[in-house]
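The block underneath contains the structure these notes are about, expressed in structure tokens.
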Amino acid sequence: MNYGTGIRGAALALVTASAATLLMTGCQPGGNATGPAGSSRGRPAGGAGSSSTTPATATAPATAAPATATTAPATTAGCGADGLEASMYQAAVRPQGTGTGAVIVEFTNVSGKPCVVRGRPTVAGAGQGSPQSSRPLQVTPTGSVSAVRLAPGGRAWTKLTFVQVQGEGDGYCVSGTRPVTYPTLVVGLPGSGSHQVALEDGVLAECDDRVTVTAVSPAKPS
């Protein structure tokens with residue numbers, strides 16, 4: 001019997017079986033092959049079977065700041081007509097004459113929250129004290145315009161300077177027209193409505209229906 005041939009055949013079979021075993025081992029999920037079964041692609045970092053040393057929860061981002069973060073100044077709304085209280089009194093400094101001359105109109109924030117006023121008022125004389133019978137005055141603006149922020153209870157002012165009445169009694173106007181008197185004025189503030197105001201002492205007397213108006217200001221004029 002040819003034992004040499006049998007031994008060589010057995011050895012060849014053993015080598016072939018060993019190689020097949022190694023190939024099968026490398027294809028198992030626990031092996032070192034980089035096929036889909038052992039790949040971390042498509043898995044969360046730190047998931048099962050991953051060799052990552054830092055779990056995903058350790059590097060989670062901090063909670064984002066809310067959209068209302070104070071990175072920009074807040075906008076203060078304009079004062080509504082119902083949120084302002086207006087009053088009027090004679091100015092300390094006024095033109096020479098016997099009429100009213102000049103008045104201060106004072107606006108007070110009664111809304112209970114901060115608000116903004118700005119601009120130069122419109123002015124009309126209220127015939128018979130009625131806003132519906134008001135007569136617009138020709139306004140000459142003066143001063144620069146800026147927004148005035150009023151805290152609750154805060155005040156802003158504007159000064160109205162009229163063409164002064166001259167003489168005693170009923171008086172006269174230098175222009176030759178007759179003086180006009182108004183029980184009240186209607187003062188309109190841009191974006192903040194119209195306000196009917198009366199002098200604290202007497203009626204308003206003026207000439208020519210013309211008035212010089214300052215922009216509303218946080219500083220009280222004289």
Side-chain angles (χ1 to χ4, degrees), residues 72-97 99-127 129-165 173-175 177 179-222:
T75 300
T76 303
C79 299
D82 293 340
L84 290 176
E85 185 176 87
S87 59
M88 181 172 67
Y89 44 88
Q90 281 196 335
V93 177
R94 53 188 189 270
Q96 292 293 323
T100 305
V103 298
I104 305 297
V105 179
E106 180 178 286
F107 298 96
T108 303
N109 178 9
V110 295
S111 69
K113 57 185 179 182
C115 61
V116 169
V117 293
R118 72 174 73 218
R120 300 182 183 92
T122 59
V123 183
S130 171
Q132 287 73 29
S133 303
S134 62
R135 181 176 177 177
L137 274 61
Q138 181 182 338
V139 171
T140 300
T142 184
S144 59
V145 174
S146 61
V148 180
R149 184 180 185 276
L150 299 180
R155 295 176 291 175
W157 296 267
T158 183
K159 183 175 182 178
L160 315 180
T161 304
F162 303 94
V163 178
Q164 184 63 292
V165 177
C173 297
V174 173
S175 64
T177 62
V180 179
T181 60
Y182 295 108
T184 62
L185 294 180
V186 178
V187 180
L189 200 56
S192 298
S194 295
H195 305 266
Q196 186 176 9
V197 289
L199 276 174
E200 295 177 348
D201 47 356
V203 296
L204 189 143
E206 55 88 28
C207 287
D208 305 336
D209 282 343
R210 291 190 288 115
V211 59
T212 299
V213 178
T214 64
V216 66
S217 169
K220 182 179 179 180
S222 56

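Counting begins at 1 with the first residue of the sequence.
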(message) Between C207 and V165, is there a side-chain heavy-atom distance shorter than 4.5 Å?
(response) yes
(message) When you compare the side chain of V213 with that of L137, does any pair of heavy atoms fall below 4.5 Å?
(response) no
(request) Work out which heavy atom in G193 is nearest to a heavy atom in A81; give both atom names and the distance. (result) CA-CB, 3.9 Å
(request) For residues V187 and P121, report the shortest heavy-atom separation together with the two atoms involved. (result) CG1-CB, 3.6 Å
(request) Could I get the full list of side-chain hydrogen bond (donor to acceptor under 3.5 Å, both in side chains) partners for T158, not counting sequence neighbours? (result) T214
(request) Measure across V197 and S87 and return the closest heavy-atom pair with its distance rounded to 0.1 Å. (result) CG1-N, 4.0 Å
(request) Keeping to residues at least two apart or across chains, list the ring-ring contact (aromatic ring centres under 6.0 Å, His included) pairs with something in residues 196-222. (result) none
(message) How long is the straight-line distance from CD of Q90 back to CG of L204, given to the nearest 0.5 Å?
(response) 8.5 Å
(message) Can you tell me how far apart OG (S222) and NZ (K159) are? Round to the nearest 0.5 Å.
(response) 5.0 Å
(message) I need the full list of ring-ring contact (aromatic ring centres under 6.0 Å, His included) pairs touching residues 202-222, with sequence neighbours left out, sorted by first then second residue.
(response) none
(message) For T100 versus R94, what's the shortest heavy-atom pair and its separation?
(response) O-CD, 3.1 Å
(request) With sequence neighbours left out, write down each residue that passes side-chain contact (heavy atoms from CB on, under 4.5 Å) with T181, or none if nothing qualifies. (result) V203, A205
(request) Sequence neighbours left out, what pairs pass salt bridge (charged side-chain N to carboxylate O under 4.0 Å, His left out) with at least one residue falling in residues 180-196? (result) none
(message) Please find the pair of heavy atoms, one from P183 and one from A198, that lie closest to each other, and give the distance.
(response) O-CB, 3.8 Å
(request) Name all residues meeting the salt bridge (charged side-chain N to carboxylate O under 4.0 Å, His left out) criterion together with R149; count only those two or more places apart in sequence or in a different chain, and write none if there are none. (result) none
(message) Please determine whether side-chain contact (heavy atoms from CB on, under 4.5 Å) holds for the pair L160 and L185, giving the CA-CA distance in whole Å, both sets of side-chain angles, and the decisive distance to 0.1 Å.
(response) CA-CA 11 Å; L160 315 180; L185 294 180; 4.0 Å; yes
(message) Rounded to the nearest 0.5 Å, what separates atom CZ in R120 from atom CG in L189?
(response) 12.5 Å
(message) Applying salt bridge (charged side-chain N to carboxylate O under 4.0 Å, His left out) as the test, list every pair that has at least one member in residues 206-222; sequence neighbours left out.
(response) R135-D209, D208-R210
Donor-acceptor pairs under 3.5 angstrom involving side-chain atoms of residues 104-116: please list them, not counting sequence neighbours.
from	atom 1	to	atom 2	distance (Å)
E106	OE1	Y89	OH	3.1
E106	OE1	W157	NE1	2.8
N109	OD1	S111	N	3.0
N109	OD1	S111	OG	2.7
N109	ND2	K113	O	2.8
N109	ND2	L150	O	3.1
N109	ND2	A151	O	3.2
S111	OG	K113	N	3.3
S111	OG	K113	O	2.9

(request) Using side-chain contact (heavy atoms from CB on, under 4.5 Å) as the criterion, list what pairs up with P136, not counting sequence neighbours. (result) none
(request) Kindly give the heavy-atom pair with the smallest separation between Q196 and A126, and that separation in Å. (result) NE2-CB, 4.2 Å
